[in-house]
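Hydrogens, waters and symmetry mates are skipped; everything else that's a heavy atom, side chains included, is used.
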Amino acid sequence: MKFMKLGSKPDSFQTDGNNVRYVATDLATDIIVNVGDSKFYLHKFPLLSKSARLQKLVANTNESNTGEIYISDIPGGPAAFEICAKFCYGMTVTLNAYNVVVSRCAAEYLGMHESIEKGNLIYKIDVFLSSSIFRSWKDSIIVLQTTKSLLPISEELKLVSQCIDSIATKACVDVSQVDWSYTYNRKKIPEENGNDPNWNGVRNRPVPKDWWVEELCELEIDLYKRVLTNIKTKAVLSAEVIGEALKAYAYRRFPGFSKGMIQGGDMAKHRSTVDTIVWLLPEEKGGVSCSFLLKMLKAAIFLDSGDMTKGELVRRIGQQLEEASVNDLLIRAAEGEPTIYDVTVVQKIVEEFLRQDQSAEIESLEERHELQEVRRPGILSDASKLMVAKLIDGYLAEISKDPHLPLLKFVDLAEMVRGFSQPSHDGLYRAIDMYLKEHPGISKSERKRICKLMDCKKLSVDACMHAVQNERLPLRVVVQVLFFEQVRAAASSGSSTPDLPKGMKDLNNGSHGSSRSATTNTEEDWDAVASAEELKALKGELASLRLSSGVGGSEKNGDGKGSVDKAAVSKMRGLLKSKKKVFAKLWSSKGVQGENSGSDSSESLGSANPEEAKSTPSRNRRHSVS
C-alpha cells in the first residue's frame, strides 16, 4: 500500500477526557474549535494561515467575543479535522488509501487551497493521488470504497470518477503488462503453494485475462456497475471476460447461489443486485453460460424481480437453450402453487428458442403492384434442435414425478418440440411412462392423448421390449409397438413383412368398417390399459425367449463387444413370430358383440387365413395412434 508522510514535527496532540483534544505546548491556546461532540483547544495562527473557512469563522467569533467556533458538518468528523489541524501545525501526518479521501474532503471543506498558502494540503493530497494512489490497482479499489461514505462531496470533487477510470483502465491493459503479484487472489497455483517440484523461482505462467474480476467483487453493486460499465465502454475485453466478472460477482454476493438458491440476507438489496447484473450482461450470445443465466432466473423468481428482468433472462436463455441441462431447468414454482416446478417459464424459454428459427420470415416487396413473399431459412441447426428435444424429454421425465402436474402442461410442452426430427423417441417414452406411473387415475382419453405424442416406429429394441410388457400403456399402443417392430425386424432380415390379420391392419392403417353397434365399445377397449391377464401371454413368451438367448448373448462381434443388441433383436423376432397366437387370446378377450354378432364372433385378429379376415365385414372403425 502506498503512503505519504507530511510534516516533520512530533505529534503533540493529547487527550483530556473522552472528547477533549489539545496541543501540548508552553503557549496558551486561544481558540476552541467544536467539531461535533469533540472540543479542540488550539492556536489561531497555524490554523488561520492555511484555512480560509477558519479565517471567516474566527472573524465572526472576534465580533461576538465568545472565543469558540463550531463546525458540525465537516466530512469525516473530528478525526478528519484533526488530520488537517496537525498539518497546519507541521506535525507528522501519514496519508494512505484509507484516509486520503476523507482528508481531501475535509481540506476542501476548510478551504486549504494554494491561494491561501503555497504547498497547502489540497495540493499535496492531489499530487499523492495522481502520482501514487491511482497508479496502484489495490489502492484504487480501496479508495473507491471509501468514497461511498463521503458522498456527495467525493463525487463533486471527481474523486469517484477518477477512481473508476483508474480501475477500468488497469483492467483493460494487455496482460503482458500486468504484475502478477497484486492481481490474482483465487486458489493458488501449484508453484505458489510450494508444491511444484519443478518450481525454480521464476513465474512463467501467463496472467489470465480475467485476473481482475475477484477483487472487484469487494465493491458494492452501485460502484461495481459504474466500474464495469466503464470497462465495457472501452470495448477492449471480450464478452466472455465480462461474463466471467458478472458470474464471479453473483457467486460472491448471493449466499447459496451455486446451489441455485439465495439463503437469507437483505432481499431488497439482492433484488437490486440481480437487476443490475442482468442489465450488465454482454449483448453477445455466449458471453455467459446458459447454466449461469438459469441460476440468475431462479434467483429473480425467488426474489420476485420485475417482469423486465425475468423477461430478459428468458430471452437470453432461449437463445442458447441447447447448452442447458435438465437440472438447470428444474425451476421451483412460487410458494402457494400446486405444482413443484414452474413449467410455464420453461414453456416461455422454449418459445424464445423457437422464435429464432423464423424459417417463414416474410419480406413484403412491392413489385409490379404485386405482394411477393421472400422466405429465409431458419438460423437453428438440426443439431441444436435435437439437443433441445432431448433436453425437453429429460425435463418431462423429471417433472412427471410431480403428482399435481396437469396433463395439459405435459402435452403442451412436448408438442412444442414435436416438430423436431428425432431419430429416437426412447426419452419421450420414458417421460410418458413416468407420467402414467405417477398419475394412475387419468382417464382413457387422457391416456390416449399423452401416448399420441410418441412415435412407436422410433422406439429402440430395448424400449419396445419394455413397452410390450408395460401394463400402463393402452392395448392399442402395445399392438402398434409389436407391429412396427415386426416391420423393422423383417426389413433388417431382408424378408417381406408377414401378413397381418385384418383387425390389426385396420388398427395400424386407420381403415374403418361398417359395424355400428360394436364401434364405440371396441374403440374404448383398445384405448383401455391392457390387463395383467392380457399381457401374461406376452410376458411368458418374453421369458422363454430370454432363456433361449443365453448362448447367443455370449457371442462376440467384430469389435469385441458382446452382441447385446443382436440378442434383443432375436428376442423381439421370436416374440413377433408368436404374435398370432397371443393376439388371438387378446382379441378373444376384447371381442364385443353387436348387431352382426354372428359374423363378428367368428373372426379374430389371430385368424390364420388373411383372405378369411378380408371376407368378413369390418368389425369397426378405428383411428391409428400417431
Is [X] reaching over with its side chain to a backbone N or O of [Y], donor-acceptor style, under 3.5 angstrom?
X	Y	answer
Ser136	Ile133	no
Asn99	Val102	no
Lys298	Arg332	no
Gln320	Val288	yes
Arg253	Cys217	yes
His270	Ile262	no
Gln14	Ala24	no

Shortest non-hydrogen contact from [X] to [Y]?
X	Y	value
Leu219	Gln145	CD2-CG, 3.7 Å
Ala333	Thr339	CB-O, 3.5 Å
Trp137	Ala171	CZ3-N, 4.1 Å
Ala250	Met296	CB-SD, 4.3 Å
Leu329	Tyr395	O-CE1, 3.4 Å
Thr92	Gly7	OG1-O, 3.7 Å

From [X] [atom1] over to [Y] [atom2], what is the distance, rounded to the nearest 0.5 angstrom?
X	Y	atom1	atom2	value
Thr147	Leu223	OG1	CG	5.5 Å
Leu110	Cys84	CG	SG	5.0 Å
Phe87	Ser51	CZ	OG	11.5 Å
Ser272	Ile221	OG	CD1	6.5 Å
Ser132	Leu95	OG	CG	11.0 Å
Asp342	Glu337	CG	CD	7.5 Å

Atom [atom1] of [X] with >12 non-hydrogen neighbours under 6.0 angstrom:
X	atom1	answer
Met1	CE	yes
Asp174	CG	yes
Lys2	NZ	no

Query raised in the report: Does the side-chain contact (heavy atoms from CB on, under 4.5 Å) test come out yes or no for Lys50 and Leu121, once each step is laid out?
Result: CA-CA 8 Å; Lys50 291 181 172 62; Leu121 184 56; over 6 Å; no
Does any non-hydrogen side-chain atom of [Y] lie less than 4.5 Å from one of [X]?
X	Y	result
Met4	Thr94	no
Phe353	Ile349	no
Ile32	Ile69	no
Ile231	Leu216	yes
Lys295	Cys290	no
Leu330	Asn327	yes
Thr29	Leu42	no
Tyr22	Phe40	no

Query raised in the report: Lys348 pairs by side-chain contact (heavy atoms from CB on, under 4.5 Å) with which of Thr344, Val350, Val346?
Result: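 With Lys348 as partner, Thr344, Val350, Val346 yield a single side-chain contact (heavy atoms from CB on, under 4.5 Å), made by Thr344.
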Query - Test applied, side-chain contact (heavy atoms from CB on, under 4.5 Å); reference residue, Ile122; option that passes from Ile125, Asp126, Asn120 - result: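 So the option named by the test is Asp126.
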Query - From CA spacing to verdict: side-chain contact (heavy atoms from CB on, under 4.5 Å), Thr25, His43 - result: CA-CA 10 Å; Thr25 177; His43 305 85; 3.4 Å; yes
Report task. Take Asn34 and Lys39 through the test side-chain hydrogen bond (donor to acceptor under 3.5 Å, both in side chains) and record every step on the way to the result. Result -> CA-CA 5 Å; Asn34 294 275; Lys39 285 181 176 290; 2.8 Å; yes
Requested in this report: From the options Lys234, Lys158, Lys170, select the one residue that forms a salt bridge (Lys or Arg N to Asp or Glu O under 4.0 Å) with Asp165.
Outcome: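 Among the candidates, only Lys234 passes.
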Report task. Could you check Tyr123 against His113 for side-chain hydrogen bond (donor to acceptor under 3.5 Å, both in side chains), going step by step and ending with a plain yes or no? Result -> CA-CA 7 Å; Tyr123 170 78; His113 299 281; over 6 Å; no
Query raised in the report: Parallel, tilted or perpendicular: which describes the rings of Phe257 and Tyr251, with under 30° parallel and over 60° perpendicular?
Result: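 Perpendicular: the ring planes of Phe257 and Tyr251 meet at over 60°.
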Query raised in the report: Between Tyr249 and Tyr224, how do the two ring planes meet: parallel, tilted or perpendicular, split at 30° and 60°?
Result: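 It falls in the parallel class, under 30°.
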Please determine whether a side-chain nitrogen of the Lys or Arg among [X] and [Y] lies less than 4.0 Å from a carboxylate oxygen of the Asp or Glu.
X	Y	answer
Asp266	Arg271	no
Glu214	Arg252	yes
Glu220	Lys269	yes
Glu322	Lys390	no
Arg315	Glu352	no
Lys86	Asp11	yes
Glu155	Arg226	yes

**Report entry** Test side-chain contact (heavy atoms from CB on, under 4.5 Å) applied to Lys225 - qualifying residues, sequence neighbours left out
**Finding:** Thr229, Thr276, Trp279, Leu280
Query - Residue list, salt bridge (charged side-chain N to carboxylate O under 4.0 Å, His left out) with Asp30, at least two apart or on another chain - result: none
Query raised in the report: Can you check side-chain contact (heavy atoms from CB on, under 4.5 Å) on Asp139 and Tyr98, steps first, answer last?
Result: CA-CA 9 Å; Asp139 287 347; Tyr98 290 100; over 6 Å; no
Report task. Could you walk me through whether Phe254 and Thr273 pass the side-chain contact (heavy atoms from CB on, under 4.5 Å) test, one step at a time? Result -> CA-CA 9 Å; Phe254 298 139; Thr273 302; 3.5 Å; yes
Requested in this report: Check whether the side chains of Asp328 and Ser325 place a donor and an acceptor atom closer than 3.5 Å, and report yes or no.
Outcome: yes
Query raised in the report: Under 6.0 Å from the six-membered ring centre of Tyr41 and within 45° of its axis: does the NZ or CZ of Arg21 meet both?
Result: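 No; the conditions do not both hold, so Arg21 does not lie above the ring face of Tyr41.
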Query raised in the report: Would Glu114 and Lys124 satisfy salt bridge (charged side-chain N to carboxylate O under 4.0 Å, His left out), going step by step from the backbone distance to the final call?
Result: CA-CA 10 Å; Glu114 290 296 283; Lys124 291 185 179 294; over 6 Å; no
